[in-house]
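Below, each value reflects all heavy atoms present in this structure, side chains not excepted, and no hydrogens, waters or symmetry copies. Here the structure is a predicted model, which is why all the values come from computation and not from measurement. In what follows, every chain begins at residue 1, and chains take the letters A, B, ... in the order their sequences are listed.
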Number of protein chains: 2
Amino acid sequence: MKTTTPPLESCCAPDDERVDLRPVEGDDADEELASLSKAIGHPARVKILRILVRRNSCICGDIVDELPLAQSTVSQHLKVLKDAGLIRGDVDGPRVCYCIEPRSLRRLKALIGGL
Amino acid sequence: MKTTTPPLESCCAPDDERVDLRPVEGDDADEELASLSKAIGHPARVKILRILVRRNSCICGDIVDELPLAQSTVSQHLKVLKDAGLIRGDVDGPRVCYCIEPRSLRRLKALIGGL
DNA sequence: GCATCTTATCGTTCTTCGTCGATGAAGACG
DNA sequence: CGTCTTCATCGACGAAGAACGATAAGATGC
(Lines give C-alpha, C1' and ligand atoms only; values in the text may rest on other atoms or scores of the structure.)
Protein backbone atom coordinates (compact mmCIF):
# COMPACT_ATOMS: atom_id res chain seq x y z
CA MET A 1 0.00 0.00 0.00
CA LYS A 2 1.33 3.26 -1.06
CA THR A 3 0.31 6.70 0.00
CA THR A 4 0.64 9.39 -2.58
CA THR A 5 2.95 11.62 -0.61
CA PRO A 6 4.32 10.71 2.75
CA PRO A 7 4.02 13.90 4.83
CA LEU A 8 7.35 14.53 6.42
CA GLU A 9 8.85 11.24 7.24
CA SER A 10 12.40 10.76 8.30
CA CYS A 11 14.48 10.83 5.19
CA CYS A 12 17.53 10.55 7.40
CA ALA A 13 18.66 7.04 7.87
CA PRO A 14 18.95 6.11 11.50
CA ASP A 15 22.32 6.57 13.05
CA ASP A 16 24.35 3.42 12.61
CA GLU A 17 26.23 4.08 15.82
CA ARG A 18 29.32 2.38 14.52
CA VAL A 19 32.54 3.21 16.27
CA ASP A 20 35.15 5.02 14.25
CA LEU A 21 38.48 3.31 14.57
CA ARG A 22 40.58 5.76 12.65
CA PRO A 23 43.33 7.51 14.60
CA VAL A 24 42.84 11.05 15.86
CA GLU A 25 46.44 12.01 15.20
CA GLY A 26 48.78 11.95 12.26
CA ASP A 27 48.83 13.61 8.89
CA ASP A 28 45.53 12.16 7.73
CA ALA A 29 43.82 13.22 10.92
CA ASP A 30 45.30 16.68 10.57
CA GLU A 31 43.95 17.04 7.09
CA GLU A 32 40.58 15.73 8.13
CA LEU A 33 40.34 17.99 11.14
CA ALA A 34 41.34 20.99 9.07
CA SER A 35 38.81 20.12 6.41
CA LEU A 36 35.94 19.66 8.83
CA SER A 37 36.89 22.76 10.75
CA LYS A 38 37.06 24.85 7.64
CA ALA A 39 33.58 23.68 6.76
CA ILE A 40 32.13 25.01 9.99
CA GLY A 41 34.34 28.07 9.87
CA HIS A 42 31.50 30.35 8.89
CA PRO A 43 28.64 31.57 11.09
CA ALA A 44 25.98 30.74 8.52
CA ARG A 45 27.18 27.16 8.33
CA VAL A 46 27.22 26.85 12.09
CA LYS A 47 23.64 28.03 12.13
CA ILE A 48 22.68 25.54 9.45
CA LEU A 49 24.22 22.74 11.45
CA ARG A 50 22.34 23.81 14.54
CA ILE A 51 19.06 23.92 12.66
CA LEU A 52 19.59 20.41 11.41
CA VAL A 53 20.64 19.14 14.81
CA ARG A 54 17.70 20.79 16.54
CA ARG A 55 15.10 19.27 14.27
CA ASN A 56 16.36 15.76 14.00
CA SER A 57 13.54 15.36 11.56
CA CYS A 58 15.28 16.56 8.48
CA ILE A 59 14.53 19.78 6.76
CA CYS A 60 14.59 20.95 3.21
CA GLY A 61 14.72 24.60 2.19
CA ASP A 62 13.16 26.04 5.28
CA ILE A 63 16.76 26.74 6.10
CA VAL A 64 16.67 29.54 3.59
CA ASP A 65 13.85 31.16 5.53
CA GLU A 66 15.83 31.06 8.72
CA LEU A 67 18.89 32.79 7.35
CA PRO A 68 19.24 36.35 6.09
CA LEU A 69 20.89 35.20 2.91
CA ALA A 70 19.91 34.67 -0.68
CA GLN A 71 18.75 31.24 -1.69
CA SER A 72 21.78 30.70 -3.87
CA THR A 73 24.10 31.60 -1.04
CA VAL A 74 22.45 29.16 1.32
CA SER A 75 22.69 26.51 -1.34
CA GLN A 76 26.40 27.18 -1.60
CA HIS A 77 26.84 26.79 2.15
CA LEU A 78 24.87 23.56 2.06
CA LYS A 79 27.18 22.32 -0.65
CA VAL A 80 30.23 23.11 1.45
CA LEU A 81 28.81 21.19 4.38
CA LYS A 82 27.82 18.31 2.13
CA ASP A 83 31.24 18.16 0.47
CA ALA A 84 32.80 18.02 3.91
CA GLY A 85 30.57 15.08 4.72
CA LEU A 86 28.84 16.79 7.61
CA ILE A 87 25.37 16.69 6.11
CA ARG A 88 23.47 14.70 3.57
CA GLY A 89 20.81 15.77 1.10
CA ASP A 90 18.16 13.39 -0.15
CA VAL A 91 15.91 14.37 -2.99
CA ASP A 92 12.26 14.11 -2.01
CA GLY A 93 10.14 15.06 -4.96
CA PRO A 94 10.77 18.67 -5.84
CA ARG A 95 12.42 19.30 -2.51
CA VAL A 96 15.65 18.23 -0.97
CA CYS A 97 15.77 16.97 2.55
CA TYR A 98 18.97 17.75 4.43
CA CYS A 99 20.05 16.11 7.58
CA ILE A 100 23.21 15.84 9.55
CA GLU A 101 25.56 12.92 9.20
CA PRO A 102 25.98 11.76 12.77
CA ARG A 103 29.08 9.78 12.00
CA SER A 104 30.93 12.82 10.72
CA LEU A 105 29.84 14.90 13.64
CA ARG A 106 31.09 12.27 16.03
CA ARG A 107 34.30 12.09 14.10
CA LEU A 108 34.75 15.83 14.39
CA LYS A 109 34.17 15.68 18.13
CA ALA A 110 36.70 12.89 18.43
CA LEU A 111 39.28 14.83 16.46
CA ILE A 112 38.76 17.97 18.51
CA GLY A 113 38.85 15.92 21.65
CA GLY A 114 42.16 14.49 20.50
CA LEU A 115 43.74 17.91 20.76
CA MET B 1 71.72 27.51 12.49
CA LYS B 2 70.29 25.09 14.86
CA THR B 3 70.69 25.86 18.50
CA THR B 4 69.55 23.60 21.22
CA THR B 5 66.46 24.36 23.15
CA PRO B 6 67.06 26.94 25.86
CA PRO B 7 66.66 25.86 29.48
CA LEU B 8 63.09 25.04 30.22
CA GLU B 9 61.58 28.05 31.79
CA SER B 10 57.84 28.08 31.92
CA CYS B 11 56.71 31.07 29.96
CA CYS B 12 53.26 29.58 29.88
CA ALA B 13 51.22 30.55 32.86
CA PRO B 14 49.70 27.53 34.55
CA ASP B 15 46.19 26.68 33.48
CA ASP B 16 43.77 28.61 35.64
CA GLU B 17 41.18 25.86 35.30
CA ARG B 18 38.34 28.32 35.56
CA VAL B 19 35.01 27.13 34.29
CA ASP B 20 33.62 28.95 31.31
CA LEU B 21 30.06 29.96 31.96
CA ARG B 22 29.25 31.38 28.57
CA PRO B 23 26.49 29.60 26.63
CA VAL B 24 27.33 27.17 23.87
CA GLU B 25 24.43 28.26 21.72
CA GLY B 26 23.15 31.49 20.31
CA ASP B 27 24.49 34.03 17.90
CA ASP B 28 27.57 34.85 19.92
CA ALA B 29 28.44 31.20 20.32
CA ASP B 30 27.92 30.69 16.59
CA GLU B 31 30.33 33.48 15.78
CA GLU B 32 32.84 32.20 18.27
CA LEU B 33 32.66 28.64 17.04
CA ALA B 34 33.01 29.78 13.46
CA SER B 35 35.97 31.94 14.34
CA LEU B 36 37.80 29.24 16.25
CA SER B 37 37.04 26.66 13.61
CA LYS B 38 38.30 28.85 10.84
CA ALA B 39 41.53 29.28 12.76
CA ILE B 40 42.16 25.55 12.80
CA GLY B 41 40.85 25.14 9.29
CA HIS B 42 44.29 24.63 7.82
CA PRO B 43 46.51 21.57 8.15
CA ALA B 44 49.58 23.61 9.08
CA ARG B 45 47.74 25.26 11.93
CA VAL B 46 46.47 21.93 13.18
CA LYS B 47 50.05 20.70 13.20
CA ILE B 48 51.19 23.76 15.09
CA LEU B 49 48.53 23.20 17.70
CA ARG B 50 49.57 19.60 18.09
CA ILE B 51 53.20 20.56 18.50
CA LEU B 52 52.30 23.01 21.23
CA VAL B 53 50.03 20.54 22.95
CA ARG B 54 52.59 17.76 22.79
CA ARG B 55 55.36 19.78 24.39
CA ASN B 56 53.47 21.46 27.14
CA SER B 57 56.71 23.22 27.70
CA CYS B 58 56.37 26.02 25.27
CA ILE B 59 58.31 26.34 22.11
CA CYS B 60 59.52 29.21 20.05
CA GLY B 61 60.60 28.97 16.46
CA ASP B 62 61.40 25.31 16.46
CA ILE B 63 57.96 25.11 14.92
CA VAL B 64 59.43 26.45 11.73
CA ASP B 65 61.84 23.52 11.62
CA GLU B 66 58.99 21.07 11.93
CA LEU B 67 56.98 22.42 9.06
CA PRO B 68 57.82 22.46 5.36
CA LEU B 69 57.01 26.11 5.08
CA ALA B 70 58.90 29.35 4.95
CA GLN B 71 59.51 31.17 8.19
CA SER B 72 57.27 34.03 7.19
CA THR B 73 54.45 31.67 6.37
CA VAL B 74 54.71 29.94 9.73
CA SER B 75 54.72 33.33 11.39
CA GLN B 76 51.53 34.17 9.59
CA HIS B 77 49.88 30.97 10.77
CA LEU B 78 51.00 31.68 14.30
CA LYS B 79 49.43 35.08 14.04
CA VAL B 80 46.13 33.57 12.92
CA LEU B 81 46.11 31.22 15.88
CA LYS B 82 47.07 34.01 18.23
CA ASP B 83 44.39 36.35 16.90
CA ALA B 84 41.86 33.59 17.44
CA GLY B 85 43.01 33.34 21.02
CA LEU B 86 44.10 29.73 20.74
CA ILE B 87 47.76 30.35 21.49
CA ARG B 88 49.83 32.93 23.24
CA GLY B 89 53.27 34.25 22.45
CA ASP B 90 55.58 35.61 25.10
CA VAL B 91 58.77 37.35 24.18
CA ASP B 92 61.76 35.68 25.78
CA GLY B 93 64.87 37.58 24.87
CA PRO B 94 65.41 37.41 21.15
CA ARG B 95 62.94 34.55 20.80
CA VAL B 96 59.22 34.21 21.21
CA CYS B 97 57.78 31.40 23.23
CA TYR B 98 54.43 30.14 22.06
CA CYS B 99 52.09 28.01 24.04
CA ILE B 100 48.49 27.01 23.82
CA GLU B 101 45.78 28.82 25.68
CA PRO B 102 44.05 26.04 27.55
CA ARG B 103 40.96 28.08 28.20
CA SER B 104 40.33 28.66 24.52
CA LEU B 105 40.92 25.06 23.72
CA ARG B 106 38.45 24.02 26.36
CA ARG B 107 36.01 26.55 25.04
CA LEU B 108 36.35 25.14 21.56
CA LYS B 109 35.70 21.65 22.82
CA ALA B 110 32.66 22.84 24.69
CA LEU B 111 31.30 24.58 21.62
CA ILE B 112 31.86 21.56 19.43
CA GLY B 113 30.36 19.37 22.09
CA GLY B 114 27.32 21.62 22.09
CA LEU B 115 26.55 20.58 18.56
C1' DG C 1 79.96 50.48 18.24
C1' DC C 2 78.96 46.17 14.87
C1' DA C 3 77.53 41.64 13.65
C1' DT C 4 74.26 37.90 14.44
C1' DC C 5 70.25 35.62 15.54
C1' DT C 6 65.21 35.39 15.80
C1' DT C 7 60.84 36.86 14.65
C1' DA C 8 57.39 40.03 12.64
C1' DT C 9 55.85 42.59 8.89
C1' DC C 10 55.60 44.33 4.13
C1' DG C 11 54.64 43.77 -0.75
C1' DT C 12 53.42 40.73 -4.36
C1' DT C 13 51.12 37.07 -6.70
C1' DC C 14 47.77 33.67 -7.06
C1' DT C 15 43.97 31.24 -5.36
C1' DT C 16 39.86 30.58 -2.81
C1' DC C 17 35.71 32.33 -0.51
C1' DG C 18 31.29 34.79 -0.03
C1' DT C 19 27.59 36.89 -2.05
C1' DC C 20 24.29 38.03 -5.34
C1' DG C 21 21.13 37.85 -9.47
C1' DA C 22 20.01 35.15 -13.27
C1' DT C 23 19.29 30.91 -15.34
C1' DG C 24 18.45 25.96 -15.61
C1' DA C 25 16.62 21.32 -14.26
C1' DA C 26 13.26 18.27 -12.25
C1' DG C 27 8.83 17.30 -10.20
C1' DA C 28 4.15 18.45 -8.90
C1' DC C 29 -0.33 20.15 -10.24
C1' DG C 30 -3.53 22.16 -12.70
C1' DC D 1 0.33 20.38 -22.42
C1' DG D 2 1.90 24.64 -19.53
C1' DT D 3 2.92 26.67 -15.08
C1' DC D 4 4.49 26.65 -10.54
C1' DT D 5 7.61 25.51 -7.00
C1' DT D 6 12.03 24.12 -5.29
C1' DC D 7 16.64 23.84 -5.55
C1' DA D 8 21.31 23.78 -7.91
C1' DT D 9 24.50 25.97 -10.78
C1' DC D 10 26.61 29.64 -13.50
C1' DG D 11 28.98 34.09 -13.99
C1' DA D 12 30.67 38.08 -11.91
C1' DC D 13 32.97 40.76 -8.58
C1' DG D 14 35.06 42.20 -4.38
C1' DA D 15 37.23 40.37 -0.21
C1' DA D 16 40.07 37.37 2.13
C1' DG D 17 43.59 33.67 2.39
C1' DA D 18 48.08 31.37 1.47
C1' DA D 19 52.59 31.42 0.10
C1' DC D 20 57.05 33.46 -0.71
C1' DG D 21 61.22 36.61 -0.58
C1' DA D 22 62.89 40.70 1.23
C1' DT D 23 63.27 43.72 4.85
C1' DA D 24 62.76 45.72 9.49
C1' DA D 25 62.87 45.44 14.50
C1' DG D 26 64.74 43.95 18.77
C1' DA D 27 67.84 41.42 21.82
C1' DT D 28 72.39 39.20 22.45
C1' DG D 29 77.23 38.86 22.13
C1' DC D 30 81.80 40.34 20.48
Side-chain angles (χ1 to χ4, degrees), chain A residues 2-9 11 30-31 34-49 51-52 58-84 86-99, chain B residues 1-7 9 11 30-31 34-49 51-52 58-84 86-99:
Chain A
K2 227 167 110 96
T3 59
T4 54
T5 345
L8 261 184
E9 303 262 335
C11 78
D30 291 350
E31 295 277 349
S35 171
L36 290 171
S37 298
K38 187 159 66 170
I40 62 179
H42 192 286
R45 293 197 285 269
V46 172
K47 289 185 195 307
I48 290 175
L49 275 187
I51 291 171
L52 293 178
C58 32
I59 281 296
C60 31
D62 301 342
I63 303 167
V64 176
D65 298 334
E66 296 216 27
L67 296 176
L69 293 171
Q71 178 265 325
S72 57
T73 305
V74 174
S75 192
Q76 280 284 99
H77 286 307
L78 287 168
K79 178 172 166 50
V80 173
L81 289 171
K82 198 169 65 177
D83 289 347
L86 283 166
I87 67 175
R88 198 158 44 91
D90 293 327
V91 178
D92 175 30
R95 328 179 177 235
V96 176
C97 181
Y98 284 100
C99 47
Chain B
M1 304 308 179
K2 206 141 184 180
T3 58
T4 53
T5 316
E9 38 181 294
C11 79
D30 291 349
E31 295 278 349
S35 171
L36 290 171
S37 298
K38 188 160 65 170
I40 62 178
H42 192 287
R45 293 197 285 268
V46 172
K47 288 185 196 306
I48 292 174
L49 275 187
I51 291 170
L52 294 178
C58 32
I59 281 296
C60 33
D62 301 342
I63 302 167
V64 176
D65 299 334
E66 295 215 29
L67 296 176
L69 293 170
Q71 177 265 327
S72 57
T73 305
V74 174
S75 192
Q76 280 282 101
H77 284 307
L78 288 168
K79 178 174 163 51
V80 172
L81 289 171
K82 197 170 65 176
D83 288 348
L86 282 166
I87 67 175
R88 198 159 45 92
D90 293 327
V91 177
D92 173 31
R95 328 175 180 239
V96 176
C97 181
Y98 284 99
C99 49

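Side-chain contact check for B:Leu81 versus B:Leu52: every heavy-atom pair is 4.5 Å or farther apart.
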Quiz item: Where do B:His42 and B:Arg45 land on the side chain to side chain contact (heavy atoms under 4.5 Å, CB included) test, with the steps shown first?
Solution: CA-CA 5 Å; B:His42 192 287; B:Arg45 293 197 285 268; 3.6 Å; yes
Practice problem: Applying side chain to side chain contact (heavy atoms under 4.5 Å, CB included), run through A:Tyr98 and A:Ile59 and close with a yes or a no. | Solution: CA-CA 5 Å; A:Tyr98 284 100; A:Ile59 281 296; over 6 Å; no
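Remark: C1' of D:dG17 and CG of B:Asp83 are 14 Å apart, rounded to the nearest angstrom. In this structure, A:Ile59 places its CD1 atom 10 Å from P of D:dC7, rounding to the nearest Å. The distance from atom CG of A:Asp65 to atom P of D:dT5 is 14 Å, rounded to the nearest whole Å. Atoms CZ (A:Arg45) and C1' (C:dT19) sit 12 Å apart, rounded to a whole Å. The distance from atom CD of B:Gln71 to atom P of D:dT23 is 14 Å, rounded to the nearest whole Å. The nearest whole Å value for the distance from the CG atom in A:Leu81 to the P atom in D:dA8 is 12 Å. Rounded to a whole Å, the CD1 atom of A:Ile40 is 13 Å from the P atom of C:dG18. As a whole-Å value, the separation of A:Asp90 CG from C:dG27 P is 15 Å.
Comparing B:Ser75 and A:Gly93 by the nucleotide of DNA chain C that holds the closest heavy atom to each, the one mapping nearer the 5' end is B:Ser75. Both B:Pro94 and A:Ala70 sit near DNA chain C, but only B:Pro94 has its closest nucleotide nearer the 5' end.
Set against C:dA22, D:dA8, C:dT7, the side chain of A:Ser72 has C:dA22 as its closest nucleotide. Closest to the B:Val96 side chain, of the nucleotides D:dC20, D:dA8, C:dA8, is C:dA8. Checking D:dA19, D:dA8, D:dT9 against the side-chain heavy atoms of A:Lys79 singles out D:dT9 as nearest. Closest approach to the A:Leu69 side chain among D:dG21, C:dA8, C:dT19 is made by C:dT19 (side chain taken as heavy atoms from C-beta onward).
Side-chain atoms of A:Gln76 and base atoms of D:dA8 include no donor and acceptor less than 3.5 Å apart. Residue-to-nucleotide contacts include no donor-acceptor pair under 3.5 Å from the side chain of A:Thr73 to the base of C:dG18.
Once rounded to the nearest 0.5 Å, the distance linking CG of A:Asp62 with CD1 of A:Ile51 reads 9.0 Å.
Between B:His42 and C:dT16, a side-chain N or O to OP1/OP2 separation shorter than 4.0 Å is absent. Checking the phosphate oxygens (OP1, OP2) of D:dG17, no side-chain nitrogen or oxygen of B:His77 falls inside 4.0 Å. Using a 4.0 Å cut-off, no side-chain N or O of B:Arg95 falls inside it from OP1 or OP2 of D:dG26.
Contacts of B:Lys38 with the nucleic acid, taken as non-hydrogen atoms under 4.0 Å apart, involve only primed sugar atoms and P, OP1 or OP2.
Atom NZ of A:Lys47 has more than 12 neighbouring heavy atoms from other residues, nucleotides or ligands inside a 6.0 Å radius.
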